[in-house]
Amino acid sequence: MAGSAPTADELLAHTEWLTHLARALVGDAADDVVQDTYEVALRKPPKREGPLRPWLGGVARNVARMAARGRVRRERREEQTHAADEVPSPEQLVARVE
């Protein structure tokens with residue numbers, strides 16, 4: 001049975017702490033992690049009654065992990081696209097064959 005969703009006041013009480021945690025996890029993208037964490041808290045509240053902070057921390061870590069994974073994939077795609085745009089010189093083509 002799902003617990004009740006935290007109220008806006010309950011979430012706001014943890015904003016400073018959550019922002020500090022998010023900065024430690026993702027740096028400049030901390031505001032996005034905090035916002036996404038709050039959205040999850042409102043849509044899918046904790047399943048058990050108890051302190052909100054440990055649960056919010058776990059959600060923030062999961063959100064940060066997904067954001068980092070997406071960033072790495074995007075950077076990898078950009079590198080591959082950029083590398084594909086470069087035309088090898090004749091010397092590079094000969095070196096590949098040899």
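Worth knowing before you read on, the calculation uses all heavy atoms, side chains too, and leaves out hydrogens, waters and symmetry mates.
Judged purely by atom type and a 3.5 angstrom limit, Tyr38 uses its side chain to pair as donor or acceptor with the backbone of Thr15. Counting only distance, with no hydrogens or angles, the side chain of Gln35 and the backbone of Asp32 share no donor-acceptor pair below 3.5 Å.
Of all the heavy atoms in Ala22 and Val34, the pair that sits closest is CB-CG2, 4.0 Å. Looking at every heavy atom in both residues, Ala5 comes nearest to Pro45 through CA-CB, 3.4 Å. For the pair Ala64 and Val33, the tightest heavy-atom approach, listed with the atom from each and the gap, is CA-CG2, 4.2 Å. Closest approach of Arg61 and Pro54 over heavy atoms only: NH2-O, 4.4 Å. Contact record, Leu56 with Leu18: O-CD1, 4.2 Å, taken as the closest heavy-atom pair.
Looking only at side-chain heavy atoms (C-beta outward), Arg96 and Leu93 come within less than 4.5 Å of each other. Contact annotation: the side chain of Leu52 approaches that of Leu11 to within less than 4.5 Å [non-hydrogen atoms, C-beta and beyond].
Of the inter-residue distances, the one linking Leu21 atom CG with Arg53 atom CZ reads 10.0 Å to the nearest 0.5 angstrom. The distance from atom CD of Glu75 to atom CD of Glu78, rounded to the nearest 0.5 Å, is 7.0 Å. Atom CG in Leu25 sits 10.0 Å away from atom NE2 in His20 (nearest 0.5 Å). Separation of atoms OG1 (Thr7) and CG (Leu12) is listed at 8.0 Å; rounding is to 0.5 Å.
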